[in-house]
Amino acid sequence: LGVGSTLVDMYAKCGLLVCAHEIFDKLLVQDVVAWTVLIAGYAEDGLDEEAFQCLEQMKVVGAFPNAVTIVCSLKACCSLRATQEGQQLHVEIERQGLLGKNHLVTSALITMYAGCGLLDRAQKVVDSLPVKDMGSWTALISAYTEQGYFEEAYKCFEQMEVGGYSCDSTALVCCLKACHNLGVTEKVQVLFARIEQSGLLERDIFARSALVEMYAENGSVALARQVFDKLPTQDVVAWTSLIAGYMEHGSSEQALQCLEQAQQEGVLPS
RNA sequence: GCUUGAUGGGGA
């Protein structure tokens, strides 16, 4: 029954993993989902060893990890730099024929290699895909960007552009950053226009804050301010990014002005 | 296409 695993999941997502595991132990039926939510909880909390122990244990009792289990387990590999375990999961992914077929598994694998510092392996995974998808490109571009390999990130963007994928907001933001980091202004403007036109500034709080932060971080606080002013509503994260940008690259006076304004609007506590 | 529950890539 699903009720038990839902309960385990709830405790795990609250970070109460001891409780989660206790409930799990009491379950009459410990199915794949129950194991998976437990592994996901441990991995999310950075308790990677525990996550792997569960993975091993579930195999011992004859519950077989499926695609979701693998995705959750891959997360535990990034933080531990557990390349061994990661490679084992890669083998399992190939064995189950999931590579390139299950997009969530595929991008999680790419992110895992990147998290282990093996960007070449991440690149190889993408190269090996007969049919590349938006999510895999986005994962790879993000990885390069995060680790400061801006040229490589941009190269991927160009290849992605040739492929003519329809991009969601994550992909658009990711590509925009790649172009911004190399100062390819024309592309930045085109992508920004696409984001604006698709109404993402209105309905996607992640995209909004990411853009404010991107400009603020880079010292283009004036641009950050422009984006910020275009937002239909300004939330805590957007304000915080802008203030941080002023502190870092602008003036502390402007930062203070923002702070006061945010407090007046009740977005930040006074 | 839908039919109990778990999963990736962008901000904090």
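Order of the sequence lines sets the chain letters (A, B, ...), proteins ahead of strands, with each chain counted from 1.
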How is A/Thr6 classified with respect to the nucleic acid when contacts are heavy atoms under 4.0 Å: base, sugar-phosphate, or nothing? sugar-phosphate
So, with a heavy-atom separation below 4.0 Å from RNA chain B, the residues of residues 104-111 of chain A are A/Leu104, A/Ser107, A/Ala108, A/Thr111
A correct dot-bracket answer for RNA chain B, with pairs being Watson-Crick or G-U at under 3.5 Å, [ ] for crossing pairs and | for inter-strand pairs, is ............
For A/Ser5 and A/Val37 the tightest heavy-atom approach is O-CG2, 3.7 Å
Worksheet item: Counting any heavy atom closer than 4.0 Å, what does A/Thr240 reach on the DNA or RNA strands: base, sugar-phosphate only, or nothing?
Response: nothing
- Message: If I pick the P atom on B/A6 and the same atom on B/C2, what distance separates them, to the nearest angstrom?
- Response: 14 Å
note: A/Asp45, atom CG; B/A6, atom C1'; distance rounded to Å ~ 16 Å
(request) Using a cut-off of 6.0 Å, state whether more than 12 heavy atoms not belonging to A/Lys132 lie near its atom NZ. (result) yes
Regarding the side chain of A/Asn66, the nearest nucleotide among B/G9, B/A6, B/A12 is B/A6
Taken to the nearest whole Å, NE2/A/His103 to P/B/G8 is 16 Å
Look at A/Arg225 together with A/Asp229 and state whether they make a salt bridge at an N to O cut-off of under 4.0 Å.
yes
A/Met10 CE to B/U4 P, in whole Å, measures 21 Å
note: A/His90, atom NE2; B/G8, atom P; distance rounded to Å ~ 19 Å
- Checking all strands, does A/Asn102 fall into the base, sugar-phosphate, or nothing category for heavy-atom contacts under 4.0 angstrom? nothing
Picking from B/U7, B/G10, B/G9, the nucleotide nearest the side-chain atoms of A/Thr138 would be B/G9
Is A/Glu152 salt-bridged to A/Lys155, cutoff N-O under 4.0 Å? no
Between the CG atom in A/Leu200 and the OG1 atom in A/Thr170, the distance rounded to the nearest 0.5 Å is 9.5 Å
In whole angstroms, the gap separating P of B/U7 from CD of A/Gln96 amounts to 18 Å
Checking B/G10, B/G8, B/G9 against the side chain of A/Ala139 (C-beta onward), the nearest is B/G9
| request: Verify whether the ring centers belonging to A/Phe24 and A/Trp35 lie closer than 6.0 Å. | output: yes
### Task
Begin from the C-alpha positions of A/Glu92 and A/Gln96 and carry the test side-chain hydrogen bond (donor to acceptor under 3.5 Å, both in side chains) through to its verdict.
CA-CA 6 Å; A/Glu92 183 60 21; A/Gln96 294 193 24; 2.7 Å; yes
Atom CE of A/Met112 and atom P of B/G8 are separated, to the nearest Å, by 16 Å
Of B/G5, B/G9, B/U7, the nucleotide closest to the side chain of A/Asp31 is B/G5
Rounded C1' spacing from B/G9 to B/G5 in Å:
24 Å
Check: Under 3.5 Å, side chain of A/Asp133 to main-chain N/O of A/Gly135, donor-acceptor pair present?
Finding: yes
note: A/Glu92, atom CD; B/U7, atom P; distance rounded to Å ~ 20 Å
Please find out if less than 6.0 Å separates the ring center of A/His21 from that of A/Tyr11. no
For this session: Kindly say whether A/Ala178 contributes a backbone atom to a donor-acceptor pair with the side chain of A/Thr145 at under 3.5 angstrom?
Result: no
- Message: Over all strands shown, is A/Val33 touching base, sugar-phosphate only, or nothing at heavy-atom distances under 4.0 angstrom?
- Response: base
Rounded to whole Å, CG of A/Leu27 lies from P of B/A6 at a distance of 16 Å
Any donor-acceptor N/O pair, A/Gln147 side chain to A/Ala114 backbone, under 3.5 Å: yes
Which of B/G9, B/G8, B/A6 is nearest the side chain of A/Thr170? It is B/G9
Next item on the list: Answer with base, sugar-phosphate or nothing: what part of the nucleic acid does A/Met134 contact at a heavy-atom distance below 4.0 Å?
Entry: base
With the side chain defined as heavy atoms from C-beta on, A/Ser5 is closest, among B/G5, B/A12, B/A6, to B/G5
Winner on side-chain proximity to A/Lys13, out of B/G8, B/A6, B/G10, is B/A6
